[in-house]
Amino acid sequence: MAAQNKEVDALVQKITGLHAAIAKLPSLSPSAAVDALFTDLVTACVPPSPVDVTKLGPEAQAMREGLIRLCSEAEGKLEAHYSDVLAAFDNPLDHLGVFPYYSNYINLSRLEYELLARYVPGGIAPARVAFIGSGPLPFSSYVLAARHLPDTVFDNYDLCGAANDRASRLFRADKDVGARMSFHTADVADLTDVLATYDVVFLAALVGMAAEDKANVIAHLGAHMADGAALVVRSAHGARGFLYPIVDPQDIGRGGFEVLAVCHPDDDVVNSVIIARKSNDMHANGPCNGRGGQYARGTVPVVSPPCRFGEMVADVTQKRDEFANAEVAF
């Protein structure tokens with residue numbers, strides 16, 4: 001325990017120093033200095049860690065909240081920059097690899113799709129999907145539409161009109177995915193009846209950065225989504241909670257959802273993923289019925305990435321076949 005506490009203290013001290021350095025930057029637009037500091041930050045936060053950021057003291061909590069806001073601002077500027085770079089190509093979708101973290105979106109979207117397919121009763125074949133907080137680089141919607149959901153229509157929502165203008169430019173030359181993508185400038189709090197038309201709603205990690213704001217967003221979705229519709233919430237775990245807000249599954253339960261699965265990747269996919277379904281009995285009990293939601297802390301179904309099990313099975317099968325076909329010499 002003492003060694004673990006020392007490890008946590010050292011990590012918090014390192015993150016505090018990086019926060020101070022980032023806060024002093026004159027701008028968070030992409031530059032060598034910005035890239036170097038955020039690379040150091042991600043490198044420190046991604047490895048498995050015993051830290052529980054929800055139990056940090058008030059000073060460390062204030063630092064963490066400020067750091068998440070800085071990460072959000074820097075991420076927005078980075079995405080806006082690369083959206084403009086991509087828009088200069090005749091067909092921007094042919095050059096998405098220009099963005100240095102595009103592969104992370106591929107892996108995250110695949111994980112989300114596989115979790116939906118495995119844990120949503122009856123499988124997943126949505127006609128309409130909403131992505132809340134899509135930003136100027138809507139890679140998640142694109143990857144899902146192009147690779148996993150070829151018949152689905154995507155409505156992308158963002159508070160920032162400039163972000164939506166940038167995003168829409170990326171699809172101008174595509175007649176397949178582009179025809180299934182639309183972009184809307186709106187606050188999720190202003191969306192009501194339209195939410196009932198979606199089979200799946202994705203909630204981006206940085207929509208509602210404070211815990212109370214996130215809980216309010218989820219409760220609003222629970223009040224207006226259709227019974228049985230799926231909700232995908234991006235969260236964080238361990239030291240990755242210094243980069244993104246951590247969502248308590250209890251808040252999802254209190255918002256009127258049944259939590260189906262929680263996945264904490266341990267690879268380059270930074271975000272955790274929570275899969276939930278709008279509960280049919282919400283109208284009878286209300287979103288805040290005092291029961292603590294569908295799952296209490298400690299009983300949430302935490303699962304491994306589905307692809308991890310498939311890779312293990314494939315590896316075992318391959319080795320068995322290699323052994324069976326091998327020439328044995330005596």
Side-chain angles (χ1 to χ4, degrees), residues 54 65 68-69 72 76 112 115-116 120 124 126-135 138 140-141 144 152-161 163-164 167 182-236 244-262 271-297 300:
T54 65
E65 291 170 4
I68 289 175
R69 286 192 292 270
S72 174
E112 290 171 329
L115 289 169
L116 282 167
V120 172
I124 190 73
R128 296 188 70 193
V129 164
F131 197 100
I132 311 296
S134 49
S140 296
S141 291
L144 287 164
T152 302
V153 172
F154 285 76
D155 285 343
N156 299 278
Y157 293 93
D158 200 278
L159 276 172
C160 179
N164 286 324
S182 61
F183 298 91
H184 311 273
T185 302
D187 187 329
V188 63
D190 296 327
L191 304 178
T192 53
D193 294 347
V194 70
L195 290 172
T197 67
Y198 298 114
D199 303 296
V200 182
V201 174
F202 287 80
L203 185 62
L206 293 171
V207 175
M209 287 187 282
E212 182 179 356
D213 294 337
K214 183 81 73 174
N216 288 338
V217 170
I218 291 169
H220 179 78
L221 294 174
H224 296 285
M225 285 172 60
D227 290 344
L231 175 66
V232 181
V233 179
R234 292 179 178 177
S235 180
Y244 291 102
I246 291 179
V247 182
D248 187 344
Q250 279 194 311
D251 286 336
I252 298 177
R254 280 189 287 263
F257 295 90
E258 175 190 3
V259 178
L260 303 175
V262 178
N271 290 115
S272 297
V273 178
I274 303 174
I275 304 295
R277 181 177 62 166
K278 172 70 178 296
S279 177
N280 293 328
D281 64 357
M282 178 193 170
H283 301 296
N285 297 296
C288 299
N289 52 38
R291 296 182 301 170
Q294 179 69 22
Y295 289 97
R297 183 180 294 276
V300 174

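Quantities reported herein were computed from a predicted structural model and do not represent experimental measurements.
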Are any side-chain N or O atoms of [X] and backbone N or O atoms of [Y], one a donor and one an acceptor, separated by less than 3.5 Å?
X	Y	value
N156	F183	no
K214	A205	yes
K278	G222	yes
N164	H184	yes
N271	S235	yes

Compare all side-chain heavy atoms of V232 with those of I275 and state whether any distance is below 4.5 angstrom.
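Result yes, sub-4.5 Å side-chain heavy-atom pair found.
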
Gap separating the [atom1] atom of [X] from the [atom2] atom of [Y], nearest 0.5 angstrom:
X	Y	atom1	atom2	answer
D155	T197	CG	OG1	7.0 Å
T185	D158	OG1	CG	7.5 Å
L221	I252	CG	CD1	10.0 Å
L206	R69	CG	CZ	12.0 Å
I274	I218	CD1	CD1	7.0 Å
L231	L260	CG	CG	10.0 Å

Please name the pair of heavy atoms, one in [X] and one in [Y], separated by the smallest distance, quoted to 0.1 Å.
X	Y	value
S272	A236	OG-C, 3.5 Å
G208	D213	CA-CB, 3.9 Å
A196	A226	O-CB, 3.5 Å
L116	A230	CD2-CB, 4.0 Å
H220	V188	NE2-O, 3.0 Å
A204	G133	CB-O, 3.4 Å

Plane angle bin for F131 and F202 - parallel if under 30°, tilted between 30 and 60°, otherwise perpendicular:
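Parallel, since the angle between the ring planes stays under 30°.
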
Testing V194, D187, T192 one by one against D190 for a side chain to side chain contact (heavy atoms under 4.5 Å, CB included), which residue passes?
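With D190 as partner, V194, D187, T192 yield a single side chain to side chain contact (heavy atoms under 4.5 Å, CB included), made by D187.
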
Between F154 and T152, is the side-chain contact (heavy atoms from CB on, under 4.5 Å) condition met? List the steps.
CA-CA 6 Å; F154 285 76; T152 302; 3.8 Å; yes

Step by step, would you call L191 with I132 a side-chain contact (heavy atoms from CB on, under 4.5 Å)?
CA-CA 10 Å; L191 304 178; I132 311 296; 4.1 Å; yes

